[in-house]
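For reference, the structure is listed below as structure tokens.
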2 protein chains.
Amino acid sequence: MSKAPKPGWHGCPTRYAAGIFADKWCFLVLRDVLLHGKRTYSDFYNSPEGISTNILADRLSRFEAAGMLDRQTDPRKASRVCYFPTRKARDILPVLIGMMVWSTKYDERSEAPDSFAEAYQNDPDNTIAWYEAEISRVDAEIFQAQ
Amino acid sequence: MSKAPKPGWHGCPTRYAAGIFADKWCFLVLRDVLLHGKRTYSDFYNSPEGISTNILADRLSRFEAAGMLDRQTDPRKASRVCYFPTRKARDILPVLIGMMVWSTKYDERSEAPDSFAEAYQNDPDNTIAWYEAEISRVDAEIFQAQ
DNA sequence: TGTTGTACTTGCACATTGCAAGTGAATTTT
DNA sequence: AAAATTCACTTGCAATGTGCAAGTACAACA
């Protein structure tokens, strides 16, 4: 496990957030858990970016320690583990979506449709609500199937 | 100077954004230039977080290469350099402010007043407009004083 | 002319990352 | 019941990145 966050890293809101998830791999894990319905270690591991296994383990335990992910044994299969996003993680959705809207504008090779940014600009609350519902659906499905 | 971003790092909007500024020091530089009116090397260097000089130089040149900062000699003093935020950098404001709102909620030692988050929730566009105006004011002041 | 201020670069020890391989517990297959 | 497989990690090591201290280059000032 990696070292704890520095004690003086609270206070300033930018710094606090940066201390918790300002890292390439952190963002990709958040994307996977919040937008792509991924929940298990191998789900994350098999993302196309090819995160290495030690880094993934480290980031998952950091997120758990920060109260962003809730680690539980998979109700469908006791040998497996699920990481569920907490409210604290869900509340990052607007930031993540804001980043996506920005990238859609500035990445000339973006694969996201312009309609996505448009929909968010027109009705952000509704867009967030849609993703929240998806997250709840994925989590509920896992518990239903036990 | 650090290595260029990987060629396949475009496409996915989360990944693109993560490739450009998902780093502790990147966020702090963006905070300083977008919210604290900092423009010169020593302004950034003197932030309380204590960024080291080689890392600062690296991040500034990365941001310049990514079209986020516009490097110019200071019109007030030719031996000095100014880094002005471009439109691409300004458009990150909603993301940065979203992070601050989130931190205000979850950092028990947050120094930001609750009124800040409240104001943003009530009228996000107006909050962004206020920061945009501040940025323009700082930049204009530098050119006026030449 | 020398000193100061500003923006860096360089060198080196230390920390983190990436890759490959290995571990151990719990199913699944034979 | 034994063997193979799945899953979630851990470990070792080379390569990369970071942090600190010192040094450099150039313009402005005294």
Side-chain angles (χ1 to χ4, degrees), chain A residues 1-6 8-9 15 18-29 32-33 38-65 69-84 142 145-146, chain B residues 1-6 8-9 15 18-29 32-33 38-65 69-84 142 145-146:
Chain A
M1 168 126 174
S2 69
K3 72 179 176 194
K6 289 171 187 170
W9 217 248
R15 193 174 51 202
I20 289 183
F21 58 81
D23 167 275
K24 192 174 65 172
W25 298 117
C26 285
F27 271 110
L28 296 173
V29 168
D32 285 347
V33 81
K38 301 193 175 181
R39 294 292 181 273
T40 72
Y41 192 91
S42 28
D43 283 346
F44 297 121
Y45 186 70
N46 291 323
S47 283
E49 286 82 13
I51 189 171
S52 54
T53 174
N54 53 347
I55 301 296
L56 176 56
D58 176 76
R59 296 302 187 275
L60 289 173
S61 69
R62 277 197 219 184
F63 274 140
E64 203 198 347
L69 292 177
D70 183 21
R71 186 186 186 277
Q72 283 183 238
T73 60
D74 192 324
R76 296 164 302 185
K77 201 177 170 189
S79 71
R80 205 159 41 183
V81 171
C82 278
Y83 294 89
F84 297 103
I142 290 173
Q146 84 187 70
Chain B
M1 169 132 172
S2 69
K3 72 179 178 194
K6 290 172 186 168
W9 218 247
R15 193 175 51 201
I20 289 183
F21 57 80
D23 168 275
K24 190 175 68 172
W25 297 118
C26 285
F27 271 109
L28 296 174
V29 167
D32 285 347
V33 81
K38 301 194 175 181
R39 293 293 181 273
T40 72
Y41 192 92
S42 28
D43 283 347
F44 298 120
Y45 186 70
N46 291 323
S47 283
E49 286 82 13
I51 189 169
S52 55
T53 174
N54 53 346
I55 301 295
L56 176 56
D58 176 76
R59 296 302 187 274
L60 289 173
S61 69
R62 278 198 218 183
F63 274 141
E64 203 197 347
L69 293 177
D70 183 21
R71 185 187 188 277
Q72 283 182 241
T73 60
D74 193 323
R76 297 165 300 186
K77 200 176 170 191
S79 72
R80 203 160 42 183
V81 170
C82 279
Y83 293 90
F84 297 103
I142 289 173
Q146 83 186 73

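As a basis for the values below, the full set of heavy atoms in this structure was taken, side chains included, without hydrogen atoms, waters or symmetry mates. Letters go in sequence order (proteins before strands), and every chain restarts at 1.
Going from atom CD1 of A/Ile55 over to atom P of D/dT10 covers 12 Å, rounded to whole Å. Taking atom CG of B/Asn46 as the reference point, atom C1' of C/dA7 lies 12 Å away to the nearest angstrom. The separation between B/Leu60 atom CG and C/dT9 atom P is 10 Å, rounded to whole Å. As rounded to whole Å, 9 Å separates atom C1' of C/dC8 from atom CG of B/Leu56. Atoms NZ (B/Lys24) and P (D/dG19) sit 5 Å apart, rounded to a whole Å. Whole-Å rounding puts the A/Asp74 CG to C/dA26 P distance at 15 Å. Residue B/Arg76 contributes atom CZ, which lies 10 Å from atom P of C/dA7 at whole-angstrom precision. Regarding B/Ile51, its CD1 atom lies at a distance of 11 Å from the C1' atom of D/dG19, rounded to whole Å.
The shortest distance between side-chain heavy atoms of B/Tyr83 and B/Phe63 does not fall below 4.5 Å. Counting only heavy atoms from C-beta outward, the side chains of A/Ile51 and A/Phe44 never approach each other to under 4.5 Å.
Between C/dT17 and A/Arg59, a contact under 4.0 Å exists linking OP1 or OP2 to a side-chain N or O. Between B/Tyr83 and C/dC8 there is a side-chain N or O to OP1 or OP2 distance below 4.0 Å. One finds a side-chain N or O of B/Arg71 lying less than 4.0 angstrom from the OP1 or OP2 phosphate oxygen of C/dC8. Between B/Trp25 and the phosphate of D/dT18, there is no side-chain N or O to OP1/OP2 separation shorter than 4.0 Å.
With sequence neighbours excluded, no residue satisfies ring-ring contact (aromatic ring centres under 6.0 Å, His included) with A/Tyr45. Under the side-chain hydrogen bond (donor to acceptor under 3.5 Å, both in side chains) criterion, A/Glu49 pairs with A/Arg31, B/Arg15, not counting sequence neighbours.
To the nearest 0.5 Å, atom OG of residue B/Ser47 and atom CG of residue B/Leu56 are 8.5 Å apart.
Of the residues A/Arg71, A/Arg76, A/Lys77, the one that meets the salt bridge (charged side-chain N to carboxylate O under 4.0 Å, His left out) test with A/Asp74 is A/Arg76.
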Hey, what are the protein-to-nucleotides 20-28 of chain D N/O distances that come in under 3.5 Å?
residue: D/dC20; atom: N4; partner: B/Asn54; partner atom: ND2; Å: 3.0

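In the set D/dT10, D/dG19, C/dA7, D/dT10 carries the atom at the smallest distance from any side-chain atom of A/Tyr41.
Considering all non-hydrogen atoms of both residues, A/Cys26 and A/Ile20 come closest at SG-O, 4.1 Å.
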